[in-house]
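Report on the following structure.
Chain naming here is simple, since letters A, B, ... match the order of the sequence lines and numbering starts at 1 in each.
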Protein chains: 2
Amino acid sequence: MSKRSRAPAMRDVARLAGVAPMTVSRALSGHPSVRAETRKVVVRAANKLGYVHNFMASALLRRGSKLIALVVPNVSNSVFAETIHGLEEVLSVEGYTLTIGHSGYSKDEEERLVRTLLGYGPDGVVLTGLTHTRATRSLLTRAGVPIVETWNIGSKPIDMAVGFSNFDAAFQATEFLIRRGQKLLAYAGGTQTDNDRTQAREAGFRAAVAKAGLEVREDWVSTMPMELSSGVELARRFAEMNRKPDALFAASDVIASGFILECNRLGVRVPGDIAVTGFDDAPLAEVIEPQLSTVHVPQREIGRLSASLILRRLAGEQHVPTVHDVGFRIVSRASA
Amino acid sequence: MSKRSRAPAMRDVARLAGVAPMTVSRALSGHPSVRAETRKVVVRAANKLGYVHNFMASALLRRGSKLIALVVPNVSNSVFAETIHGLEEVLSVEGYTLTIGHSGYSKDEEERLVRTLLGYGPDGVVLTGLTHTRATRSLLTRAGVPIVETWNIGSKPIDMAVGFSNFDAAFQATEFLIRRGQKLLAYAGGTQTDNDRTQAREAGFRAAVAKAGLEVREDWVSTMPMELSSGVELARRFAEMNRKPDALFAASDVIASGFILECNRLGVRVPGDIAVTGFDDAPLAEVIEPQLSTVHVPQREIGRLSASLILRRLAGEQHVPTVHDVGFRIVSRASA
DNA sequence: TTGTAGGCGTTATCAG
DNA sequence: CTGATAACGCCTACAA
């Protein structure tokens with residue numbers, strides 16, 4: 001155990017098995033032209049030595065690194081965590097591993113990350129959103145591997161896109177509130193910077209309000225971190241206003257939930273005094289009291305589907321459709 | 001853009017810059033012995049071609065892959081998401097990238113993953129928990145890179161450990177309930193299989209109950225997925241019992257929160273009818289009504305610290321302590 | 001300060 | 001069915 005030499009390589013397995021390294025390569029990768037007998041000897045030798053396949057060498061030959069690069073804005077946001085889970089679920093079965101970077105909602109940071117991740121010769125790349133720097137797009141195009149942009153659709157993707165129309169979803173969620181008779185609409189969304197999903201949601205909100213002939217009061221529109229505390233703060237702010245909204249569309253269940261919990265505490269009735277609609281359909285949405293009306297989004301499915309599109313491409317399939325709309329669903333519960 | 005050839009390599013940059021590949025290597029890696037003039041020419045050529053450094057080739061030379069391998073039980077569990085965030089935060093600054101695998105709480109799957117991840121020649125490995133298969137331990141020991149086991153301390157680590165005593169934390173949380181005068185204690189924890197953290201927490205609970213001369217009723221002890229719905233189900237189950245507990249220690253805030261929300265719905269008063277203590281100090285804990293007493297754990301700090309220990313080791317520091325107790329804190333709020 | 005030779009571990013290709 | 005050779009992109013060691 002004190003031998004701090006190098007890990008056993010194919011040549012070591014080959015020596016022990018009494019064959020050439022090439023035969024080991026074939027035997028271990030399941031090449032059909034290896035005699036069953038030979039294969040057995042090789043496998044036994046490999047196990048005995050604790051041989052671990054070196055992906056870096058294969059990657060160098062551009063024969064597939066079995067790596068998929070992923071860039072998300074924020075690893076600890078639960079919606080992306082679900083998407084990562086979905087990706088992992090499908091990819092790990094085929095022996096792929098994820099390399100992850102988080103951009104912190106910055107397109108420049110995303111560019112830096114993509115550059116770094118491409119240095120590992122990934123067999124595919126998964127990004128969040130549709131807007132990127134020119135350099136990012138160009139790097140990815142040249143990489144010549146399948147690229148999937150997730151969580152939004154609308155503009156032309158670099159290669160493939162898996163998501164839904166954030167604009168339409170927000171538009172319909174807002175119309176849902178308006179149909180209930182609410183006229184004084186407030187909006188709370190995540191930070192706008194470099195975030196096309198949030199931008200589309202706010203645009204959808206504004207469009208629905210305008211279509212109904214209503215007005216958007218700018219002091220009822222807030223962008224804040226997607227955290228429970230943001231919702232809490234918002235509820236307090238509304239409580240102090242003279243003119244209060246009668247409905248809130250929060251572009252995140254987390255914000256909406258914080259808002260409802262604080263309303264309960266302040267004695268503001270939901271939906272009596274203010275109706276609330278969220279976004280994402282987080283687990284909390286159907287457990288909170290009152291249950292939260294929201295936009296259901298197949299978070300994990302986005303990951304699963306992205307993974308399988310990449311796998312299909314890598315398997316040589318030619319006609320993989322480029323834009324996948326996974327849809328959304330307005331979920332009507334007690335809060336609105 | 002339709003040229004599907006290969007990505008530019010050093011030799012291409014060299015050709016364009018009119019120097020040898022070796023000079024490109026030195027110029028780009030900031031080697032001091034390169035003339036400023038030459039460096040400028042090289043950098044310009046590299047940018048022009050969109051050169052991306054190939055980490056796989058450097059890794060092959062055993063010069064460091066700039067990759068850190070991470071194995072977590074579950075990517076979408078928010079406590080691990082926070083730890084991943086902490087790791088990323090520190091590692092990305094130094095140009096490291098994470099490769100991630102999820103074991104689904106299976107030690108055999110963990111072994112498979114470690115084997116795969118080691119194939120990328122990571123410069124460090126981060127695991128969750130202290131129990132692993134023999135083969136896992138042996139693979140990691142032989143790898144000769146810094147290893148950190150996280151989220152628990154107690155037994156001897158493979159190399160380094162960053163965490164806290166789950167036993168002590170659960171013990172103290174239970175004593176906290178007992179000091180309040182509760183005598184009929186229930187426990188709800190995550191799945192036991194291959195999970196030393198959960199096992200230690202249950203053991204801590206039992207030890208505290210025994211120490212107080214009380215008894216553990218086995219029908220009040222449940223292991224269930226760490227989800228809100230588990231807490232909801234538990235509240236319903238208790239409501240139908242003839243003999244009910246007067247306190248619940250849930251080894252997860254998620255379960256505790258689901259429990260409280262359902263109690264509110266059922267008209268069961270917290271803490272009047274049943275006191276509740278959670279674990280983790282999730283954001284929801286201080287927003288829920290009543291606010292949740294819990295065990296605060298520095299989730300993100302576990303990631304940050306693990307990362308910096310690895311970096312210190314890689315920087316050649318010899319005397320990096322092997323066991324880091326990040327501690328915990330009993331947080332007293334309204335629910336108990 | 002810059003260049004040349006060789007090899008890291010694997011696999012495509014061609015020979016046997 | 002198995003083996004020898006060369007090459008993937010980079011960097012250490014040595015030379016100029």
Worksheet entry | Test item: B/S92 side-chain N/O and B/E88 main-chain N/O as donor-acceptor pair under 3.5 Å | yes
Worksheet item: Between B/T83 (side chain) and B/Q299 (backbone), is there a donor-acceptor pair under 3.5 Å?
Response: yes
Worksheet item: Which residues in residues 8-23 of chain B have at least one heavy atom lying under 4.0 Å from any atom of DNA chain D?
Response: B/A9, B/M10, B/R11, B/M22
Practice prompt. Pick base, sugar-phosphate or nothing for B/F55, based on heavy-atom distances below 4.0 Å to the nucleic acid.
Written response: nothing
Worksheet item: Between B/S306 and B/I302, is there a donor-acceptor pair closer than 3.5 Å when you use the side chain of the first and the backbone of the second?
Response: yes
Worksheet, complete the sentence: Per nearest nucleotide of DNA chain C, the residue lying toward the 5' end, B/T38 or B/L61, is B/T38
Discussion item. Determine whether a donor-acceptor pair (N or O, by modelled atom type, separation under 3.5 Å) exists between the side chain of B/S138 and the backbone of B/R134.
Written reply: no
Practice prompt. For the pair A/R300 (side chain) and A/A81 (backbone), establish whether a donor and an acceptor sit closer than 3.5 Å, ignoring hydrogens and angles.
Written response: no
Discussion item. Can a donor-acceptor pair be found, under 3.5 Å and without considering hydrogens, that links the side chain of A/N77 to the backbone of A/N74?
Written reply: no
Discussion item. Checking the side chain of B/T141 only, and the main-chain atoms of B/R137 only, is there a donor and an acceptor separated by less than 3.5 Å?
Written reply: yes
Discussion item. I need the B/D123 CG to B/R313 CZ distance, nearest 0.5 Å.
Written reply: 13.5 Å
Worksheet item: Can you give the first and last nucleotides of DNA chain D, 5' to 3', that have an atom under 4.0 Å from a heavy atom of chain B?
Response: D/dG9 to D/dT12
Fill in: 5' to 3' contact window, DNA chain C with chain B (heavy-atom distance under 4.0 Å)
C/dT1 to C/dG9
Worksheet item: Counting only non-hydrogen atoms, which of residues 28-37 of chain A are less than 4.0 Å from DNA chain C?
Response: none
Worksheet, complete the sentence: As a check of understanding: the bend across the helix from C/dT1-D/dA16 to C/dG16-D/dC1, end axes from five pairs, rounded to 10 degrees, works out to 40°
Worksheet item: Is B/H31 reaching over with its side chain to a backbone N or O of B/L28, donor-acceptor style, under 3.5 angstrom?
Response: no
Item to complete: Name the orientation class of the two ring planes belonging to B/F80 and B/W151 (parallel below 30°, tilted from 30 to 60°, perpendicular beyond 60°).
Response: perpendicular
Worksheet item: Any side-chain donor paired with an acceptor under 3.5 Å for B/H102 and B/S76?
Response: no
Practice prompt. Output yes when a side-chain donor or acceptor of A/E149 lies under 3.5 Å from a complementary backbone atom of A/I158, and no otherwise.
Written response: yes
Item to complete: Using modelled atom types only, decide if a donor and an acceptor are shared between the side chain of A/T97 and the backbone of B/L117 within a distance under 3.5 Å.
Response: no
Practice prompt. For the residue pair B/S65 and B/F55, establish whether any side-chain heavy-atom pair is separated by less than 4.5 Å.
Written response: no
Fill in: Sequence-distant partners of B/T193, side chain to side chain donor-acceptor pair (under 3.5 Å), two or more places apart
none
